[in-house]
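Within every chain, numbering begins at 1; the chains are lettered A, B, ... in the order of the sequence lines, protein sequences first and strands thereafter.
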Amino acid sequence: MTSHVSHASAGEGDWIKTSSHVCRLDNILSPSSAAYLILDKQRLSDTVVRLTLHAPLVALNAQPGQFVLIRPTERSERIPLTISHADRVSGAVTVIFQEVGHTTRELGGLEKGQSVQDFAGPLGTPSDIQRVGTVACVAGGVGIAVMLPVTRALKAAGNRIIGILGARNKSLLILEDEMREACDELAIVTDDGSYGEQGIVTDALAALTQRDRIDMAYAIGPLPMMQAVCDVTRDQSIATVVSLDPVMVDGTGMCGGCRVRVGGDVKFACVDGPEFDGHLVDWDSLRSRKAGYREQEQKAREASEEAHHA
Amino acid sequence: MPKREHLPRTPMPEQDPKQRATNFDEVTLGYTPEMAMAEASRCLACKQKPCVRGCPVNINIPEFVRKVAEGDFGAAAEEIARANALASVCGRVCPQEEQCEKYCLMAKVNGAVAIGRLERFTADWHAAHADTNHCDVSDREPLDQKVAIIGAGPAGLTAAGDLARAGYKVTVFEALHEIGGVLRYGIPEFRLPREILDREIESIRSMGVDFMTNVVIGKTLTIDQLRESGFDAIFVGTGAGLPTFLNIPGEDLNGVYSSNEFLTRVNLMNAKDFPNEGTPVRIPVKAVVVGAGNTAMDSARTALRLGAQEVHIVYRRSRDEMPARAEELHHAEEEGVQFNLLVNPVAFLEGDKGWLRGVRCQRMQLGEPDESGRRRPIPIPETEFDIEADTAIVAVGQSPNPLIRSTTDGLKTTPWGGIVVNEETGETSIPGVYAGGDAVTGAATVITAMGAGRRSAISIDAYLKALRENNNKVSE
Ligand SMILES: Cc1cc2nc3c(=O)[nH]c(=O)nc-3n(C[C@H](O)[C@H](O)[C@H](O)COP(=O)(O)OP(=O)(O)OC[C@H]3O[C@@H](n4cnc5c(N)ncnc54)[C@H](O)[C@@H]3O)c2cc1C
Ligand SMILES: Cc1cc2nc3c(=O)[nH]c(=O)nc-3n(C[C@H](O)[C@H](O)[C@H](O)COP(=O)(O)OP(=O)(O)OC[C@H]3O[C@@H](n4cnc5c(N)ncnc54)[C@H](O)[C@@H]3O)c2cc1C
Ligand code: FES
């Protein structure tokens, strides 16, 4: 018996590749689709890796703004990574991540042809993609990877997109071509001036708001960057969406570890987010909660470095 | 020789409290065959069988106990298996003192027959000695109809096993990467060793049940998509996994956990073996646990085992109202957990920037009974005091997760989020979709979840049989 399933919604922009609106669900509803094979691996910079995996069930309903929880090995932590691209026809899902600690390094150490242990998703609430006019998409560091699918969806919805990308230096800038294609205009700033303008993204954003009417902003990147962007846009009453990255465990609303304070209310970032109104976020609480395991993470990093050297 | 009913309840061998508070090995060690036979012989075999009425799944208790007394453990195991698919789990975690043992006539003489311990003994003996698992043979010809089970806790596992045995193609979808529900991520291994759980799951797998982990229904797939893709019936056993917080100041400080997070890190993610295992947990020095249910006791005793020097339970009512199993309370006290009763937390206190340093509490007294029939705790003014703590674990209850109800059109739920079902059949407001366990009742017990899984399996079988007969008529 074959069965056809209609998608929750059509693909946004070129984000989701699908030849028609139906697929054979019964083909992928078998334990064999849980092998999570790595189909492709590419290094985008010294520390940023792009992996494409076979995960047809995750691809099926994935939308921009959603993420997966990955366990590279059977002893690994469950870590959240944003879905960068999903292909419903082939069942391939792409994630882009920076190797910052033990688990992301474990993941970066896997090669094409190997599998990850667990890959669950799509999780979180999809981005609320509306046609609003001109949108500033401000992204820093590996946040550019998180921004790319949202940018494409915003563009496909008919918005004019002005991208602002920030990186410490030229070698750390990722996905420039992809973002250029997704934006109507793109500004690049680096801390050391090795590429684009010298400066930080808020300088570029402030300049932009002087010359152009901005209807909405998206800010995704390191916490201080998002907070600084929100300070700029708050003064000018520009609605601003941010993507928060607290520590997560299950990603389904079961543990409450990902709780963040937004507008005075407690929200679970994994189900209510990860995107929130940046002007309502309690940044201090998020900053300290993100550091909750710093000492232990340091220990894990040292252990993985030792293992690496041995 | 004294009359057998005058013999006291046979004690259960246990690890010494001091020693066990430092390890994750099972606390209770189980009866030997001799102890089991001696204990079973205390049963008066009374005609009325009050104990059976107290059992949510109506195990024929006097019958299995008689077989244990006779030393026919295999037959005893078969008797239990007729009604209970997870006997070695239930023998360990059921609140027997409120169920079967509560109604035992011997309870008023010199202690109820230790039915739970006998159940555990029988199931363990069977697993160790039986060369075939009776359960893995299907009772019926294989059928073409497919059933999806959502959630791999006791409710889902029981429904899956029963339906597979009835010949259906059963697939279990589980959000987490491991099977077992609360039995895996909530109840610690010192109460329910992992081998026991794995063994029960293996026996269900061996009946031909497919497990698909990492599938979050409502996100990865919706219930509608499951139906469209050819599942003829669906059982929802997603539990009550949403943690309740206290909503008091300081709850987002580092060091404050929900019991779900704390226990998941330790049980599911093996954080006690960090950094060999990737997931860390805070190693408490002084911990405060809020609540007095099984979850609170498990959190407190886990904190001790991680190395905490001091662990306090803070509970706003009195000893009589504490909802945990009697045995767990007793064990927690023996291990040195300190109980602060009629005490309610009012704030978590910040020490080092962003970190917990203590819990501000207030003394309470009991007033008139509330809706739950328990006396309502009322704060006593000007009785605030602080308990120093670097870790606090909030264990004040769980409710059903909204993921399924928010993504399933037409699924009726109660104001607090429980799925509304026909109590006899487990059928929800959507034909062909059944539900049971904590997802329906709110946080309850393993055995009630199991019982609900079994009831739904019977209804699903009847529903699918009717569908088959209808189809046959159409094709004739
Ligand atoms: C919704 C969401 C989407 C994300 N998407 C991306 C992405 O597309 N690309 C990317 O590079 N990074 C992304 N991140 C961040 C990524 O999850 C962390 O970098 C990763 O977990 C670090 O783990 P580690 O063991 O390598 O590093 P560690 O040394 O353990 O930690 C480094 C820092 O990462 C954070 N972190 C650690 N463990 C977790 C955890 N279990 N959950 C969340 N954060 C954690 C902490 O703030 C910590 O200080 C996302 C985070 C969230 C919440
Ligand atoms: C710490 C703790 C200790 C306890 N101790 C005892 C005890 O000693 N004795 C006793 O009788 N009871 C005890 N209980 C209660 C008992 O464990 C529960 O009543 C019982 O597990 C409920 O079973 P269930 O099958 O309904 O749900 P659960 O066991 O909660 O299982 C539900 C499963 O569904 C999965 N799930 C949830 N949502 C989705 C979704 N959208 N898609 C796919 N899968 C999903 C969950 O991950 C989980 O695996 C305890 C509970 C806790 C938390
Ligand atoms: S990660 Fe557990 S509730 Fe969000």
Is there a side chain to side chain donor-acceptor pair (under 3.5 Å) between A:Tyr36 and B:Asn214? Walk through the geometry before answering. CA-CA 11 Å; A:Tyr36 316 125; B:Asn214 298 321; 3.2 Å; yes

From [atom1] ([X]) to [atom2] ([Y]), nearest 0.5 Å:
X: A:Ser285; Y: B:Leu253; atom1: OG; atom2: CG; result: 8.0 Å
X: B:Leu268; Y: A:Asp250; atom1: CG; atom2: CG; result: 9.0 Å
X: B:Glu261; Y: A:Arg259; atom1: CD; atom2: CZ; result: 7.0 Å

By a 4.5 Å heavy-atom criterion (distance strictly below it), what part of B:Leu242 contacts chain A: side chain, backbone, both, or neither?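 For B:Leu242, the contact with chain A is made by backbone and side chain together.
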
Part of B:Asp252 lying under 4.5 Å from any heavy atom of chain A: both

Is any side-chain heavy atom of [X] closer than 4.5 Å to a side-chain heavy atom of [Y]?
X: A:Glu74; Y: B:His177; result: no
X: A:Val266; Y: B:Glu251; result: no
X: A:Leu57; Y: B:Val215; result: yes
X: A:Arg75; Y: B:Met269; result: no
X: B:Val216; Y: A:Leu123; result: yes

Could you look at [X] and say if it's the side chain, the backbone, both or neither that has a heavy atom under 4.5 Å from chain B?
X: A:Val247; value: side chain
X: A:Arg78; value: both
X: A:Phe119; value: backbone

Please list all pairs meeting ring pair (Phe, Tyr, Trp, His ring centres under 6.0 Å) that have one or both residues in residues 236-278 of chain B, counting only residues at least two apart or in different chains. B:Tyr257-B:Phe262

